[in-house]
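Step one of this worksheet: look at the structure below.
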Protein chains: 2
Amino acid sequence: MTEPHWDPFNRDCPTRRLLDRIGDRWTVLVIGALAEGPLRFGELARRVDGVSQKMLTQTLRGLERDGLVDRTLYPQVPPRVEYELTHAGRTLREPLGALDAWARTHMSGVIAAREEYDRAV
Amino acid sequence: MTEPHWDPFNRDCPTRRLLDRIGDRWTVLVIGALAEGPLRFGELARRVDGVSQKMLTQTLRGLERDGLVDRTLYPQVPPRVEYELTHAGRTLREPLGALDAWARTHMSGVIAAREEYDRAV
DNA sequence: CGGAATCCATAACGATACTG
DNA sequence: CAGTATCGTTATGGATTCCG
């Protein structure tokens with residue numbers, strides 16, 4: 001049986017492009033916060049603990065640009081802006097959920113290994 | 001039906017810790033290169049196109065520290081060093097493979113959306 | 001309320017040179 | 001071969017201020 005493998009070998013493979021896209025501190029977290037449904041800007045800011053206004057805006061713009069998030073402006077005063085995952089964005093929930101499941105079951109072991117390693121050094 | 005969701009809401013959740021771990025330019029690519037079996041340092045460097053010696057070393061040290069990669073030194077001259085995924089490291093192949101599958105099917109659409117968005121601006 | 005614009009600190013990374 | 005050490009650059013993100 002051949003093990004599954006993905007192709008990280010050349011600079012322009014889809015995997016690298018995806019990593020360039022979601023490999024920052026906030027993108028995955030914002031998608032996670034939007035996984036259950038639309039949220040306003042301020043709600044998002046409160047849910048994703050620690051994100052600054054600037055980074056939240058920047059992250060959302062990037063996701064919008066890539067067709068993963070829809071932005072809806074309700075022209076009121078004060079303005080109301082809602083963000084929600086597009087269809088494409090929703091398809092990301094599954095693989096990201098798998099990654100999260102891995103984190104929940106294995107991450108404590110990783111932390112333990114790390115502390116063990118640091119003691120040895 | 002409640003949608004599956006993962007918890008990105010507080011700073012210390014496992015998901016954030018995982019993202020801190022694999023959310024750099026090279027870690028996921030190195031795991032991918034090791035997915036099929038052990039490799040020597042030089043082989044890894046050639047496969048992960050564009051990685052510098054420094055970053056490859058640094059990435060491998062981090063993975064070793066976290067118990068995801070084993071390092072075996074064969075005391076010869078010149079030295080031979082082999083890296084391979086640990087059991088924990090191998091369990092990461094599946095969720096990362098799912099992410100890669102997503103990239104292969106959706107990434108071209110993402111790129112297209114991006115170019116469309118940039119034309120509009 | 002939901003940003004945009006600016007400034008600044010640091011972390012991430014790459015290139016190069018050297019070594020057991 | 002498989003690193004380590006150092007340096008310089010760029011990317012990233014945080015804090016602050018201002019605005020419709």
Side-chain angles (χ1 to χ4, degrees), chain A residues 8 10-12 16-31 33-34 38-66 69-84 117 121, chain B residues 8 10-12 16-31 33-34 38-66 69-84 117-118 120-121:
Chain A
N10 65 87
R11 290 167 189 265
D12 289 329
R16 290 219 188 180
R17 291 187 180 277
L18 177 62
L19 290 172
D20 287 343
R21 187 62 201 78
I22 68 173
D24 55 46
R25 173 121 64 254
W26 302 112
T27 294
V28 169
L29 301 175
V30 168
I31 294 174
L34 289 173
L39 286 177
R40 301 181 58 169
F41 185 87
E43 293 169 328
L44 264 173
R46 275 186 297 279
R47 292 203 181 213
V48 183
D49 186 28
V51 71
S52 67
Q53 219 169 34
K54 170 187 167 182
M55 290 314 298
L56 183 54
T57 300
Q58 186 174 305
T59 302
L60 287 166
R61 288 292 168 277
L63 287 168
E64 195 192 350
R65 182 166 96 110
D66 287 353
V69 160
D70 264 340
R71 176 181 189 271
T72 308
L73 165 67
Y74 299 90
Q76 314 168 349
V77 178
R80 169 191 181 86
V81 181
E82 275 198 357
Y83 293 92
E84 63 183 320
Y117 182 97
V121 177
Chain B
N10 64 86
R11 289 166 190 266
D12 288 329
R16 290 219 186 180
R17 291 187 180 277
L18 177 62
L19 290 172
D20 287 343
R21 189 61 201 76
I22 68 173
D24 56 48
R25 175 123 61 255
W26 301 113
T27 294
V28 170
L29 300 175
V30 168
I31 295 174
L34 290 173
L39 286 176
R40 300 181 58 169
F41 184 88
E43 293 169 329
L44 264 173
R46 276 186 297 278
R47 292 202 182 212
V48 182
D49 188 26
V51 70
S52 67
Q53 216 171 36
K54 170 187 166 183
M55 290 315 297
L56 184 53
T57 299
Q58 187 173 305
T59 302
L60 286 167
R61 288 293 168 276
L63 286 168
E64 195 193 350
R65 181 166 98 111
D66 287 354
V69 160
D70 264 340
R71 176 181 188 270
T72 308
L73 165 67
Y74 299 90
Q76 313 168 351
V77 178
R80 168 192 182 87
V81 180
E82 276 199 354
Y83 293 92
E84 64 182 320
Y117 183 96
D118 290 344
V121 177

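Minimum atom distance to the side chain of A:R40 is reached by C:dG2, of the listed C:dA4, C:dC13, C:dG2.
One interatomic measurement links the two molecules: CZ of B:R61 to P of D:dA2, which rounds to 12 Å at whole-angstrom precision. Put simply, CG on B:L73 is 8 Å from P on D:dG3, counting in whole angstrom units. In this structure, B:L39 atom CG and D:dC1 atom P are separated by 15 Å, rounded to whole Å. Distance, B:R80 CZ to D:dA2 P: 8 Å, rounded to whole Å. The distance from atom CG of B:D24 to atom P of C:dG14 is 10 Å, rounded to the nearest whole Å. Atom CG of B:D20 and atom C1' of D:dT12 are 14 Å apart (whole Å). D:dT12 atom P lies 17 Å from atom CG of A:L56, rounded to whole Å. Taking atom CD of B:E82 as the reference point, atom C1' of D:dG3 lies 16 Å away to the nearest angstrom.
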Can you check nucleotides 14-20 of chain D for protein contacts, nitrogen or oxygen pairs under 3.5 Å, and list what you find?
from: D:dG14; atom 1: O6; to: A:K54; atom 2: NZ; distance (Å): 2.1

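In this structure a side-chain-to-backbone donor-acceptor pair under 3.5 Å is missing from B:R25 to B:V51. The backbone N or O of A:L34 sits nowhere less than 3.5 Å from a side-chain atom of A:R47 that would complete a donor-acceptor pair.
Considering only heavy atoms from C-beta on, B:R40 stays 4.5 Å or farther from B:Y74 through its side chain. Counting only heavy atoms from C-beta outward, the side chains of B:L56 and B:L44 approach each other to under 4.5 Å.
Distances shorter than 4.0 Å separate none of the side-chain N or O atoms of A:Y83 from OP1 or OP2 on C:dC1. For B:R71 and D:dA2, the shortest distance from a side-chain N or O to OP1 or OP2 is not below 4.0 Å.
Nucleic acid contact class of B:Y74 (heavy atoms, under 4.0 Å, all strands): none.
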Worked verdict on B:L63 versus B:Y83 for side-chain contact (heavy atoms from CB on, under 4.5 Å): CA-CA 10 Å; B:L63 286 168; B:Y83 293 92; over 6 Å; no

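Looking at residues two or more places apart in sequence or on another chain, you find a side-chain hydrogen bond (donor to acceptor under 3.5 Å, both in side chains) between A:R65 and B:D118.
When each of B:V30, B:D24, B:L29 is tested with B:T27 by the rule side-chain contact (heavy atoms from CB on, under 4.5 Å), just one qualifies, namely B:D24.
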